[in-house]
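To keep things clear, I will list the structure first and then write my remarks on it.
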Protein chains: 2
Amino acid sequence: MKRTKKERQRLLTETIAENPFVTDEQLASQFNVSVQTIRLDRMELAIPELRERIKDVAAKNYENEVKSLPIDEVIGEIIDIELDNRAISIFDVGQEHVFQRNGIARGHHLFAQANSLAVAVIDDELALTVKANVSFIRPVKAGDRVITKAIVRGQDDEKNRTYIDVVSTVNNDKVFKGEFEMYRTKGSVQ
Amino acid sequence: MKRTKKERQRLLTETIAENPFVTDEQLASQFNVSVQTIRLDRMELAIPELRERIKDVAAKNYENEVKSLPIDEVIGEIIDIELDNRAISIFDVGQEHVFQRNGIARGHHLFAQANSLAVAVIDDELALTVKANVSFIRPVKAGDRVITKAIVRGQDDEKNRTYIDVVSTVNNDKVFKGEFEMYRTKGSVQ
DNA sequence: CTGGTATTAGTACCAAGTGCTAAATAATTC
DNA sequence: GAATTATTTAGCACTTGGTACTAATACCAG
């Protein structure tokens, strides 16, 4: 009565996509066919059984939970530093740093690496970011190794400011740049 | 050999919390006891069986599935959102977010909250930060509750750009502001 | 030695399936 | 209309990861 097999399978796919928690038995009564028919349909459509579907949903969720890790301390590993002059850090982008939808790194991680480096390069007890002007030039993907260089451009001792340029590259392609205005407690006199 | 029942149960609880996908059998061999002992332990501790645990995780995920993007990817908790218009999130600053030297929040956390909110407010599959112009107006300390508002200011459908103003406050004092230029795949037409 | 706690073993049963065979019921084609 | 093919249904054995329950064994303390 429900019409063709094709139509039923279309609806089946839809129904399961909408609510993965439905059993074959429920589906059978919904479509007025036997449980076996539903099973055959699932076979043909390569739809896994209830438990597998649930497990998939759960696993996806679980990954997300693990992923929401806090950004802590310094982002990226500082490999070279000359205080009040320049610094370089590397940061390996992992799965946990990207949008799972498209695999592109979330901007704030790149910002965090740049900001951390700007703080680190200043030879002072206290260094705070006052302003930042940043551009995300190209998307960065999981697996990319981001190399970030910070260069101290100038200093305003009266206002206790230090100006820093930061550039990040992946395989020599510029992916991010920023200008940071930093506050520091004292001048850079050693 | 494994020590007391209490100790085992403590570890059991921990293990399952860490990885809800573990079966009684795996647990039994891990703790060098019989499967029955594990079952008894779960009874006493009122820990549901594997499938129920998985279902719980899946159900949690499923309910939380809001329209635009998974909430987990956002720094700070979104408490109000009107897609393509405005959004508000709160972020409680903890010890893990500050320089231990002076208790001041690291800039990139504030940036992350603002950036996340700017991404979230855009009603699109793909939203990426292109540029950001940010000011850190006043230091934020551990314990502060940062309330961040994002307002969509404009749109350039030809260049696929959306412009967003973001302001963060603590106790009504402005602590951060930023202008974000975002890229999106399509215009905001429904 | 007697108790009480802890552990292990074993059986029957369940949900929600898979895998397989066989039969019954359409639908299509010659 | 008969033959052929597609679709649907039935039935049975088996699988996982359990629950529920009973019974036996081990161990440690008083």
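Order of the sequence lines fixes the chain letters, A, B, ..., with proteins taken first and strands second; residue numbering starts at 1 for each chain.
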**Report entry** Given dA9(C), dT19(D), dT8(D), the nucleotide with the shortest approach to the side chain of R8(A)
**Finding:** dT8(D)
Query raised in the report: How close or far is atom P of dA6(D) from atom CG of D41(A), stated in whole angstroms?
Result: 16 Å
Requested in this report: Provide, to the nearest angstrom, the distance between the CD1 atom belonging to I54(B) and the P atom belonging to dA15(C).
Outcome: 19 Å
Query raised in the report: How many Å lie between CD on Q9(B) and C1' on dT5(C), as a whole number?
Result: 12 Å
Requested in this report: Using the closest heavy atom to pick a nucleotide of DNA chain C for each, name whichever of E25(A) or Q36(A) lands nearer the 5' end.
Outcome: E25(A)
Query - NZ/NE/NH1/NH2 to OD/OE distance under 4.0 Å, R184(A) and D84(A) - result: yes
Query raised in the report: Which nucleotide in the set dT9(D), dA16(C), dG18(D) lies at the smallest distance from any side-chain heavy atom of E49(B)?
Result: dG18(D)
Requested in this report: To the nearest Å, give me how far apart CD1 (I38(B)) and P (dG17(D)) are.
Outcome: 15 Å
Query raised in the report: If you check the T37(B) side chain, which of dT8(C), dT9(D), dA15(C) turns out closest?
Result: dT8(C)
Report summary line: Checking dT9(D), dA9(C), dA6(C) against the side chain of S34(B) (C-beta onward), the nearest is dA9(C)
Report task. Identify whether the distance between the nearest side-chain nitrogen and carboxylate oxygen of E44(B) and R39(B) falls below 4.0 Å. Result -> no
Query raised in the report: When the ring centroid of F180(B) is compared with that of F111(B), is the distance short of 6.0 Å?
Result: yes
Report task. Taking only the side-chain heavy atoms of R39(B) (C-beta and beyond), determine which of dT9(D), dG18(D), dT8(C) contains the nearest atom. Result -> dG18(D)
**Report entry** Closest to the D24(B) side chain, choosing from dG19(C), dT7(C), dG18(D)
**Finding:** dG18(D)
Query - Same apolar cluster: F176(A) and V167(A), side chain cutoff 4.5 Å - result: no
Query raised in the report: For dT19(D), does either OP1 or OP2 sit under 4.0 Å from a side-chain N or O belonging to R42(B)?
Result: yes
Requested in this report: Quickly work out the R51(B) CZ to dG17(D) P distance and round it to whole Å.
Outcome: 7 Å
Query raised in the report: Expressed in angstrom and rounded to an integer, what is the separation of L40(A) atom CG from dT18(C) atom C1'?
Result: 12 Å
